[in-house]
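The structure appears below as structure tokens.
Only heavy atoms go into these numbers, but all of them, side chains included; no hydrogens, no water, no symmetry mates.
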Protein chains: 2
Amino acid sequence: MENQRVRSARVTIHDVAAAAGVSISTASKALNNTGRMGDDTRERVKRVATEIGFRPNALAKGLLSNRSFTIGLLTNDTYGRFTLPVMAGITEALVDHGVSVFLCTIEDDPALGKVHVDAMLDKSVDGIIASGKRIDRRLPVDLSNLPVPVVYAFTEGTPGSVTFCADDFQGATLAVEWLMGLGRRRIAHITGPESFVSVRERAKAYLSLVGDQLPVLYGTWSEAWGHEAVAKIWNTSGPKPDAIFCGNDQIARAVVDALRERDVRVPRDVSVVGFDNWEIVAAQTRPPLTTVDMNLKALGREAGLTVLALTEGRAVEPGIRTLPCELVVRQSCGGNPDH
Amino acid sequence: MENQRVRSARVTIHDVAAAAGVSISTASKALNNTGRMGDDTRERVKRVATEIGFRPNALAKGLLSNRSFTIGLLTNDTYGRFTLPVMAGITEALVDHGVSVFLCTIEDDPALGKVHVDAMLDKSVDGIIASGKRIDRRLPVDLSNLPVPVVYAFTEGTPGSVTFCADDFQGATLAVEWLMGLGRRRIAHITGPESFVSVRERAKAYLSLVGDQLPVLYGTWSEAWGHEAVAKIWNTSGPKPDAIFCGNDQIARAVVDALRERDVRVPRDVSVVGFDNWEIVAAQTRPPLTTVDMNLKALGREAGLTVLALTEGRAVEPGIRTLPCELVVRQSCGGNPDH
DNA sequence: CTGAAAGCGCTTACAG
DNA sequence: CTGAAAGCGCTTACAG
């Protein structure tokens with residue numbers, strides 16, 4: 001029964017050696033391209049190995065090399081808004097190197113965090129990537145002094161660590177310059193809580209470009225706040241903005257909706273830019289949002305490649321690595337997408 | 001240097017045995033509560049082990065037992081809408097058993113799927129959970145005849161497998177009965193593509209309760225379709241519905257928006273129910289959506305416990321296991337939440 | 001150019 | 001009641 005053969009014992013290097021008529025050591029060396037032997041022997045072993053479907057047991061390899069070809073991804077971003085793109089990037093970068101990733105969501109529970117970290121360590125992960133939902137908060141677990149390298153992505157790292165994050169200042173600059181290039185001259189900024197560094201960075205970029213003709217409106221990350229802010233502006237007398245740079249897509253969506261309800265046309269009367277490029281929000285807004293994409297997948301790729309380097313003992317410069325954002329042009333600003 | 005000690009050799013069972021003054025075999029047996037020995041010896045070994053921070057190497061254990069305390073989660077739901085809650089449930093159920101989970105997103109690429117499955121097998125996963133975004137489509141990878149148990153969650157399984165999914169019929173019944181209990185008598189149904197079984201199941205429940213006084217409106221899973229459907233109904237002469245049961249939250253959100261734009265009040269004039277309880281959509285709608293929750297986390301928990309059972313050789317009845325949905329009452333229907 | 005032996009960290013018969 | 005030995009599947013000095 002083909003089935004039973006598959007189900008029962010998996011084929012080991014013993015089987016390969018026997019089938020190729022060589023010793024186990026020779027088989028091992030042939031398959032790993034190490035040692036010295038006749039090209040014909042090496043080729044024959046390799047051919048036989050694939051023929052009988054040999055796949056080396058990663059557990060055994062790991063026991064020897066102390067590398068499990070496994071890394072852990074720790075996050076407190078239950079929702080997955082930030083973690084999933086990061087995760088996709090990590091996986092994409094590491095699959096070619098044969099490394100798989102453990103994902104653990106730990107909410108804000110330190111005890112749960114410790115349990116998961118210990119589980120990872122027990123399984124000899126080659127490294128850990130810590131990820132979160134904002135760059136100025138730590139995960140609720142201590143990741144210093146671990147016996148494996150740790151890199152941080154979209155969460156605050158310990159001093160001396162490698163941390164990846166998006167360039168909020170540059171992203172915001174992209175957005176505001178786009179509005180200015182479209183001829184907009186009265187640009188408002190409706191954003192999230194001032195306690196977030198991202199918020200402050202984005203506001204700083206905004207202020208450095210447009211000056212303080214209009215006060216930055218800090219609030220929460222909700223649609224409710226977007227509506228409230230628009231009401232605040234439009235219920236006040238005086239000239240209205242011809243563009244609004246929003247701190248995230250949810251706010252932007254609400255702003256677009258609120259404007260429509262006031263018969264202000266987007267983008268004809270007012271251009272609106274968002275931040276995040278959260279597909280479910282940005283693409284479903286009417287009109288769809290032009291918004292800043294933080295390139296989280298690229299960020300994940302870099303983080304993955306970096307733990308790998310660290311694992312392999314290559315030198316990596318510590319510090320905060322900032323990756324550029326990109327503007328995704330849809331229809332909420334008008335303007336020519338090919339501009 | 002404390003640091004160096006941590007960074008260098010991890011403590012092994014050798015160290016425990018030496019520190020406790022027993023042989024390695026005795027140490028092993030003491031720690032695993034096997035074998036026979038004096039209670040004092042056992043206790044002493046255990047105490048010493050925790051004192052010097054011994055944690056057994058899972059790779060070595062796995063090599064012996066052929067169990068890696070690791071399972072793989074395979075999904076083509078890149079977005080994570082369905083997979084993340086399922087994943088959360090799996091992790092929650094398995095963390096107490098010391099098993100960690102590999103997450104792999106494979107889009108719709110069969111080659112990539114095979115690569116990841118092979119990687120999992122190489123790492124001796126104890127089992128695999130396949131997950132997706134609809135229950136009537138298979139993942140683009142063959143999971144039959146694998147040397148490890150496979151269970152399916154929110155994706156179509158092979159014949160004879162164990163598959164978990166939400167009870168669409170019951171969920172839809174919950175929604176429609178809620179509307180009827182509120183005194184609604186003309187209930188419309190705006191939903192997704194008829195090609196989805198979920199859509200057909202939900203429609204079947206709807207029809208069995210309200211009859212065919214109104215045609216079911218099949219469309220796409222987008223907000224655009226929600227707007228279009230409302231226009232279709234309200235631009236036609238004749239009596240209007242006093243309630244709308246929507247196939248998902250995105251449609252429901254659009255329906256609520258469209259109604260507001262026509263000055264139809266929700267929930268006063270029309271009650272609206274959604275499906276999915278997708279927080280980002282449901283909670284941000286004005287008013288927030290009453291919607292059906294598929295309990296994906298519970299589904300994940302069941303799936304996790306089931307692979308575990310299979311792994312341990314316990315008997316599991318094959319077939320499709322349907323888990324009940326729940327109605328989450330917010331404000332889009334009116335009615336008393338404590339009802 | 002090829003193979004026998006030791007060992008990675010653990011567990012499990014088997015002796016004593 | 002306790003320990004020496006073999007072995008899980010592999011790799012890597014070391015002999016020949």
Side-chain angles (χ1 to χ4, degrees), chain A residues 8-46 48-49 52-70 98 118 121-126 147-148, chain B residues 8-46 48-49 52-70 98 118 121-126 147-148:
Chain A
S8 63
R10 61 187 279 175
V11 3
T12 76
I13 200 168
H14 278 86
D15 304 316
V16 176
V22 295
S23 73
I24 293 181
S25 354
T26 301
S28 173
K29 280 175 286 195
L31 296 170
N32 292 302
N33 285 322
T34 57
R36 300 182 47 75
M37 74 191 63
D39 284 352
D40 47 332
T41 312
R42 199 181 291 279
E43 285 316 313
R44 180 161 39 89
V45 173
K46 285 184 174 176
V48 167
I52 65 177
F54 170 69
R55 312 211 92 231
N57 182 326
L59 261 36
K61 275 189 124 112
L63 194 52
L64 272 304
S65 63
N66 215 14
R67 277 206 55 186
S68 61
F69 290 90
T70 272
D118 283 346
L121 259 22
D122 287 348
K123 279 157 192 152
S124 305
V125 290
D126 297 334
V148 298
Chain B
S8 63
R10 61 186 282 174
V11 5
T12 75
I13 199 167
H14 279 86
D15 304 316
V16 176
V22 295
S23 73
I24 293 182
S25 353
T26 302
S28 172
K29 278 176 287 196
L31 296 170
N32 293 300
N33 286 321
T34 58
R36 300 180 47 75
M37 74 191 63
D39 283 352
D40 48 332
T41 312
R42 199 182 290 280
E43 285 316 314
R44 179 161 40 87
V45 173
K46 284 185 175 177
V48 167
I52 64 177
F54 171 68
R55 312 211 92 232
N57 182 324
L59 261 35
K61 274 187 124 113
L63 193 51
L64 271 306
S65 64
N66 214 14
R67 276 205 58 185
S68 61
F69 290 90
T70 272
D118 283 347
L121 260 21
D122 287 348
K123 280 157 191 149
S124 305
V125 291
D126 297 335
V148 298

In whole Å, what is the span from the [atom1] atom of [X] to the [atom2] atom of [N]?
X	N	atom1	atom2	result
B:Arg36	C:dA15	CZ	P	18 Å
A:Leu31	C:dT2	CG	C1'	15 Å
B:Met37	C:dT12	CE	P	12 Å
B:Leu64	D:dC8	CG	P	9 Å
B:Asn57	D:dC8	CG	P	18 Å
B:Leu59	C:dC8	CG	P	15 Å
A:Arg42	C:dT2	CZ	P	10 Å
A:Lys29	D:dC14	NZ	P	13 Å

Can you tell me the Watson-Crick or wobble partner of D:dG16, both distances under 3.5 angstrom?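 Here D:dG16 is engaged in a pair, and the nucleotide opposite it is C:dC1.
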Main-chain N/O of B:Arg55 paired to B:Arg10 side chain as donor or acceptor, under 3.5 Å: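 Side chain of B:Arg10 to backbone of B:Arg55, a donor-acceptor pair under 3.5 Å: yes, one is there.
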Main chain of A:Asp126, side chain of A:Arg67: is a donor-acceptor contact present, judged purely on distance under 3.5 Å?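 Checking the backbone N and O of A:Asp126 against the side chain of A:Arg67, no donor-acceptor pair under 3.5 Å is found.
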Taking the side chain as every heavy atom from C-beta outward, state whether B:Lys123 and B:Thr70 have any pair of such atoms under 4.5 Å apart.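 When only atoms from C-beta onward are counted, B:Thr70 and B:Lys123 do not touch, as no gap falls below 4.5 Å.
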Can you identify which nucleotide, out of D:dC10, C:dC10, D:dG3, has its nearest atom closest to the A:Ile13 side chain?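 So the side chain of A:Ile13 is nearest to D:dC10.
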If the cut-off is 4.0 Å, is B:Lys61 near the phosphate of C:dT11, judged by side-chain N/O to OP1 or OP2?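 Yes, within the criterion.
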Counting only heavy atoms not in A:Asn66, do more than 12 fall under 6.0 Å of its CG?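 Open: at most 12 neighbouring heavy atoms sit under 6.0 Å from CG of A:Asn66.
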Does atom CG (A:Asp39) have a neighbourhood of more than 12 heavy atoms from anything else shown, all under 6.0 Å?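 Result for CG/A:Asp39: open.
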Base, sugar-phosphate alone, or nothing: which one does [X] contact when heavy atoms must sit under 4.0 Å apart?
X	answer
B:Thr26	base
B:Ile24	base
B:Ser25	base
B:Asn32	sugar-phosphate

Let me know, please, whether B:Ala27 or A:Thr41 comes out on the 5' side of the other along DNA chain C by nearest nucleotide.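 On the 5' side of the pair lies A:Thr41.
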Nearest-nucleotide wise, let me know which of A:Thr34 and B:Leu63 is further upstream toward the 5' end of DNA chain D.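 Closer to the 5' end of DNA chain D: B:Leu63.
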